[in-house]
Structure formats: structure tokens, C-alpha cells
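Beneath this line is the structure, given in C-alpha cells, with notes to follow.
As the structure lists them, so they are numbered: ligands from 1, and atoms in each ligand from 1. As the structure is a computational prediction, the values presented were derived from the model and not from experiment.
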Amino acid sequence: MDRLIAEFDRALRAIAGVAHAERPSPAEALPENTLEEESKAHAAALMRVNHVGEICAQALYQGQALTAREPQARHALEKAAREEQDHLAWSAERIRELGGRPSLLNPLWYAGSFAIGAAAGLLGDKWNFAFLAETERQVEEHLAGHLEALPPEDRRTRAVVEAMRSDEAQHRASALQLGAAELPEPVKRAMRLASKVMTTVAYRV
Ligand SMILES: [Fe+2]
Ligand SMILES: [Fe+2]
């Protein structure tokens with residue numbers, strides 16, 4: 001029961017955008033550059049997409065941790081979830097600094113991802129980790145794309161995205177180490193499609 005209350009509290013914090021970071025934001029060490037209004041709006045929209053991605057990550061990890069069987073698996077999921085919480089806080093902060101706002105659809109993104117995470121968890125750890133490894137791989141690719149798309153002079157945003165990308169690579173490696181299976185191609189394609197929908201919508205709303 002206590003665990004459920006704690007998870008629910010975390011869900012509300014994620015959706016409300018009041019996540020607390022354990023590690024300082026990688027942007028902190030860098031000066032703020034003056035950006036053109038257009039670049040700023042573009043960077044804010046890209047960070048809104050990343051923030052939604054991190055909301056989904058919170059929900060997925062929570063869903064998976066609730067249903068994961070092995071204590072070792074649960075432990076790894078909880079550690080990654082804490083790092084995702086840093087990402088969530090860092091990206092929310094960066095959106096604010098850029099004068100943007102988080103997605104209005106966050107409760108929806110959260111609910112959908114939680115259901116998917118819980119379903120993956122129910123399939124057993126091997127598939128749970130398979131799903132996780134593939135998610136992290138796709139997120140890593142997606143963040144690499146953002147590094148190309150972000151204004152080169154926006155060093156603070158880039159630092160956040162870089163740090164997130166390197167954490168996601170670690171998450172993927174740990175999922176593989178825990179015995180992730182390889183997902184069937186059609187599942188990977190479906191995941192790509194779902195994330196395409198999410199990123200396109202979140203860029204705007
Ligand atoms: Fe993340
Ligand atoms: Fe991750």
C-alpha cells in the first residue's frame with residue numbers, strides 16, 4: 001500500500017512538472033547565450049518533446065517496476081527511474097528558461113505509457129528488458145537527432161540533451177546485461193510509429 005501511494009505521488013509530480021533532480025542540471029555550468037526568438041521557440045518545442053519523452057519514461061519504468069519479478073530487475077529499474085527523474089526535472093527547467101511550456105497532454109502520455117509498461121512487465125523480465133532496451137535505443141537515436149536540430153549556439157540545452165543521451169545509453173546497456181531478449185521487428189516498428197505520433201504532437205501541443 002505504501003508503495004502504491006509513493007508511486008502515485010511520483011506520478012502526480014511527473015505530470016505536474018515538479019520533479020526533483022538528484023544531480024545538478026548539466027546546463028548549470030554554462031552561460032546563457034542570447035538566442036533569436038525563433039531559435040528559442042524551436043529549442044523550447046524540442047525540449048517539450050523531450051520532456052514528454054521523460055514523462056513516458058517515468059510511467060514506463062513505474063509500470064515495469066510494479067510488475068517486474070526479480071528483485072535484481074526491480075532494483076535496476078528503480079535506479080534508471082531515478083535518473084529519468086533527473087532528466088524530467090532538467091528538461092522541465094530548460095523549457096521554463098526558454099520561455100516555453102510543457103505539453104498539455106502530459107496526463108494522457110503518462111497514462112498510456114504506464115499501461116504499456118505494466119503490460120511489458122507482465123510478459124516476464126526477459127521481455128520487460130527487451131522492451132526497455134529498445135525504448136532506450138530509440139530515445140538515444142531521437143536525442144542524437146535533436147542535437148542536430150538544436151541551434152548550435154544554445155549550449156545549455158545541448159548540454160542537457162547530451163547528458164540525457166549518455167544516460168539512456170547506460171540504461172540500454174544495463175537492460176541488455178540483465179538478459180533482454182531481442183524484440184520482433186514488427187514490435188520495433190510499432191514502437192517507432194507510436195513515438196513518431198508522440199513527438200509530432202508534443203512539438204505543437
Ligand atoms: Fe531519460
Ligand atoms: Fe533512459
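- For a distance bound of 2.8 Å, the N, O or S atoms of His87 include none lying that close to the Fe ion (ligand 2).
- The pair Glu83-Lys79 counts as a salt bridge, with a side-chain nitrogen and a carboxylate oxygen less than 4.0 angstrom apart.
- His171 contributes ND1 as its N, O or S atom closest to the Fe ion (ligand 2).
- Residue contact annotation: Glu54 places an N/O/S atom under 2.8 Å from the Fe ion (ligand 1).
- Using modelled atom types, one side-chain atom of Arg156 and one backbone atom of Ala27 make a donor-acceptor pair closer than 3.5 Å.
- Under 4.0 Å is where a charged nitrogen must lie from a carboxylate oxygen, and between Arg192 and Glu141 at least one such pair does.
- Atom OE1 is the N, O or S atom of Glu84 at the shortest distance from the Fe ion (ligand 1).
- Using modelled atom types, one finds no donor on one side chain facing an acceptor on the other under 3.5 Å when comparing Glu54 with His51.
- Angle subtended at the Fe ion (ligand 2) by Glu168 OE1 and Glu136 OE1: 90°, rounded to 10 degrees.
- Between His142 and His146, the ring planes are tilted. Angles from 30° to 60° get that label.
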